[in-house]
There are 4 protein chains.
Amino acid sequence: MKQQQKPKYKQIIDAAVIVIAEKGYHQSQVSKIAKQAGVADGTIYLYFKNKEDILISLFREKMGLFIEKIEEEIKGKETAKEKLLTLIEKHFSILAEDHHLAIVTQLELRQSNLELRLKINEVLKGYLLLVDSILHAGIETGELREDLDVRLARQMVFGTIDETVTSWVMNDQKYDLPTLAPKVHNLLINGFGA
Amino acid sequence: MKQQQKPKYKQIIDAAVIVIAEKGYHQSQVSKIAKQAGVADGTIYLYFKNKEDILISLFREKMGLFIEKIEEEIKGKETAKEKLLTLIEKHFSILAEDHHLAIVTQLELRQSNLELRLKINEVLKGYLLLVDSILHAGIETGELREDLDVRLARQMVFGTIDETVTSWVMNDQKYDLPTLAPKVHNLLINGFGA
Amino acid sequence: MKQQQKPKYKQIIDAAVIVIAEKGYHQSQVSKIAKQAGVADGTIYLYFKNKEDILISLFREKMGLFIEKIEEEIKGKETAKEKLLTLIEKHFSILAEDHHLAIVTQLELRQSNLELRLKINEVLKGYLLLVDSILHAGIETGELREDLDVRLARQMVFGTIDETVTSWVMNDQKYDLPTLAPKVHNLLINGFGA
Amino acid sequence: MKQQQKPKYKQIIDAAVIVIAEKGYHQSQVSKIAKQAGVADGTIYLYFKNKEDILISLFREKMGLFIEKIEEEIKGKETAKEKLLTLIEKHFSILAEDHHLAIVTQLELRQSNLELRLKINEVLKGYLLLVDSILHAGIETGELREDLDVRLARQMVFGTIDETVTSWVMNDQKYDLPTLAPKVHNLLINGFGA
DNA sequence: TATGAATGAGTTTTCATTCAT
DNA sequence: GATGAATGAAAACTCATTCAT
């Protein structure tokens, strides 16, 4: 009887997060990930096309959950302001609760080659569309100013959140990230306000 | 007289910008940079400790000019708002005028390993301090709100600018970047306003 | 009843011929052969000791039929000359009728490692003995010259036939091979003649 | 003071012959060849594009000498018969004098993939053209029969010689190969004769 | 100063074979 | 008999850096 409850696919992705977070992107050989996952090197290739596929799948999988969770929380909120606050809070709290994931997404995965990063950006689009939809709704209801440049605003939202999280990770996650959510929200929403 | 004054030093850095922009970070071998610079491979090592030193020097050199130019422009401005607008305008225009540099700083150099990126961040501190000083002055004069969290505000400024430029580069610099400066400025300053 | 009688054994060998002919020796993984044969990978190992065993069995099986057919045709012939002509004709026609087999024996199987090729040579000995017997009989009857070095003559027969077939395969079997039989026979027999 | 008189290119090729002859084709890793040549692994790639390039260069280099030597000897001969005898003698003696080379060309190199073997065949064409020219000249002078199919005759010459040498190598070069030249010549020439 | 030939460490991926079911 | 998921060993090639000239 083996204890492998988790299907190997997820098992390998989780192993990749741990190895990359602890050893760094360039020290994360496939053999290390396999060892961490408790499978043979070759088994990796039954579930992933190649090493890059592990990383893009990792990102897709995690970002998928990310977006799912945020969407779920947002549903219950009325106003665009509340929705944006929820998005920031959730973004911060998810990463604050998974230090490994935070290191991997903010620091390590960015060392990947351009090709992989373009694929990662594809996945990110889902997140950016979510931000867009919040902004559009806000404009619709008159909460946000009519002439708001949604693309710029979205870049501001994402750029600010991302830079805030990265700074926090680079400072070894010393301070409490979710605490910052209301202040970040406030700074952003003021700029967008009617 | 530092070596930095000598032509070959700059010659190699400029060659590096060209090679990295055209071939991509991972296709920029020392031998290619040497060839582009018109020197022998070994000569590189008379001016730089190692490959990383070329890249960090490149960044330091270009970012130094960057900050110098911005500081110079800012001097003539009175208010924090004007200074911030100038900073954004200049940031955008410098990169819009040097497509190679834009590609290198926004896309290629970010593929470097964590160690190099931490060193790059050291260089970036000069820029961030400049932003900080503008914000502090603005608070001082009452232009910006008293309770502004300067660190967060700085992350917002930098995050937004950086994300805007990166989007622009990733979209093949299709649209005019400097044109966006006032709108970006407006979005930011609203959030910071008293 | 040997396993060789059972359908799956032949099924796998025929699959191997097809896969090797179409994909090439180095692209003929066991899993591909299994798929072509319509069995599971593991099933292969119920009928063959290992991959090499498939190949050597393939050669033995096909070469066995080869020799059988030739021997049968030869029986009806009186003189050594006629027998040799029949051997050449049959050799050419069998391969001309099975393009896959021709590719496999003349090109692909020769890429195998030395060990396998030595085993293949063992199988070939049956064919060479057949040639020998024809030559000996010819000397006996005075048809061929007394002082004929049978080993050399056999190498000439086999070398010539093999080279002719290989050239034909390498030229994409463009021309008609069996047509060449009388000319090849003529060239050989003249050299051997009394 | 180093003793490397031989340029590295030839040094590596000679090392490859030794390693392949002694270890076998599939046990001839680039690192082994480098070690035998007394250079670093990377040095190989300063002189050869890749591993295949070593092998094709080896063949081209050795076959070049082969053809040169034979052509030189043949010049002095009058008749086609004498020329053919010289070709056979020389072919046999060159390989008899270099056991390593004989093993490599007759056994080991034939295990290479089809692509490489096609390239090797290109090189072989020089040799086959030489045979052709002898045969044509012989027909011209009436020494060989008018209706001789030169392509078939060439295949017979090459096939016979090649098979004879291969048999000799496979029998561990036990007997004296050059001794066989007149007999092989005799068998061939009888078949071609007017 | 300047050169450039030489170095050699380091990693992804394939695929024949096994064995629990 | 039949399956197919899992195993794990094995090798070509790149490129930053050095150092004799």
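Below, chains carry the letters A, B, ... as their sequence lines are ordered, and counting in each starts from 1.
What separates NZ of Lys32(C) from C1' of dA16(E) is a distance of 14 Å, to the nearest Å. Summarising the geometry, the separation between CD on Gln11(C) and C1' on dG1(F) is reported as 14 Å, rounded to the nearest angstrom. To the nearest angstrom, C1' of dT13(E) lies 15 Å from CD of Glu52(A). Put simply, CG on Asp41(D) is 16 Å from C1' on dA5(E), counting in whole angstrom units. One can place NE2 of His26(A) at 15 Å from C1' of dA16(F), the figure rounded to the nearest angstrom. Going from atom CG of Asp53(B) over to atom P of dA16(F) covers 14 Å, rounded to whole Å. Computed from coordinates, the Ile44(C) CD1 to dT17(E) C1' distance equals 12 Å when rounded to whole Å. In this structure, Tyr47(D) places its OH atom 17 Å from C1' of dC13(F), rounding to the nearest Å.
Between the side chain of Thr43(A) and the main chain of Val39(A), no donor-acceptor pair closer than 3.5 Å is present. Side-chain atoms of Lys32(D) never come within 3.5 Å of backbone atoms of Val19(D) as a donor-acceptor pair (strictly under, hydrogens ignored). A donor-acceptor pair under 3.5 Å links the side-chain atoms of Arg117(B) to the main chain of Leu107(A), judged by distance alone.
The side chain of Val30(D) approaches dA12(F) more closely than any other nucleotide in the set dA5(E), dA12(F), dA5(F). Nearest nucleotide to the Leu46(B) side chain, out of dT12(E), dT7(E), dT3(E): dT3(E). In this structure, the nucleotide among dT17(E), dT13(E), dA11(F) sitting nearest to the side chain of Asn50(C) is dT17(E). For Lys51(B), the listed nucleotide lying nearest its side chain is dT17(F); candidates were dT17(E), dT7(F), dT17(F).
Expressed to the nearest 0.5 Å, how far OH of Tyr47(D) lies from NZ of Lys10(D) amounts to 13.0 Å.
dT21(F) and dT1(E) have their C1' atoms separated by 13 Å, given to the nearest Å.
Taking 4.0 Å as the cut-off between side-chain N and carboxylate O, Asp14(C) and Lys62(C) count as a salt-bridged pair. Between Lys119(B) and Glu122(B) there is no salt bridge, since no side-chain N of the basic residue sits under 4.0 Å from a carboxylate O of the acidic one.
Counting any heavy atom pair closer than 4.0 Å across all strands shown, Phe48(D) reaches no nucleic acid atom.
Between Gly42(C) and Gly42(A), the residue anchored nearer the 5' end of DNA chain E, judged by the nucleotide with its closest heavy atom, is Gly42(A). Nearest-nucleotide positions on DNA chain F for Ser28(B) and Gln27(D) put Gln27(D) closer to the 5' end. Between Gln29(D) and Gly38(C), the residue anchored closer to the 5' end of DNA chain F is Gly38(C), taking for each the nucleotide with the nearest heavy atom.
An OP1 or OP2 oxygen of dC15(F) is reached within less than 4.0 angstrom by no side-chain nitrogen or oxygen of Ser31(B). Phosphate contact (OP1/OP2 of dC13(F), side-chain N/O of Lys49(D), threshold under 4.0 Å): absent. Distances shorter than 4.0 Å separate none of the side-chain N or O atoms of Lys35(C) from OP1 or OP2 on dG4(F). Contact check, Tyr45(C) against dA2(F): no side-chain N or O comes under 4.0 Å of OP1 or OP2.
For the pairing with Val104(D), the side chain to side chain contact (heavy atoms under 4.5 Å, CB included) check across Val169(D), Leu109(D), Leu55(D) returns one residue only, Leu109(D).
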(Q) Please evaluate residues Val30(B) and Tyr45(B) with respect to the criterion side-chain contact (heavy atoms from CB on, under 4.5 Å), reporting the C-alpha separation (whole Å), side-chain torsions for both, the decisive distance (0.1 Å), and the verdict. (A) CA-CA 10 Å; Val30(B) 171; Tyr45(B) 292 86; 3.9 Å; yes
Q.
In dot-bracket form, 5' to 3', how is DNA chain F paired? Count Watson-Crick and G-U wobble pairs only if both distances fall under 3.5 Å, and write | where the partner sits on another strand.
A. .||||||||||||||||||||
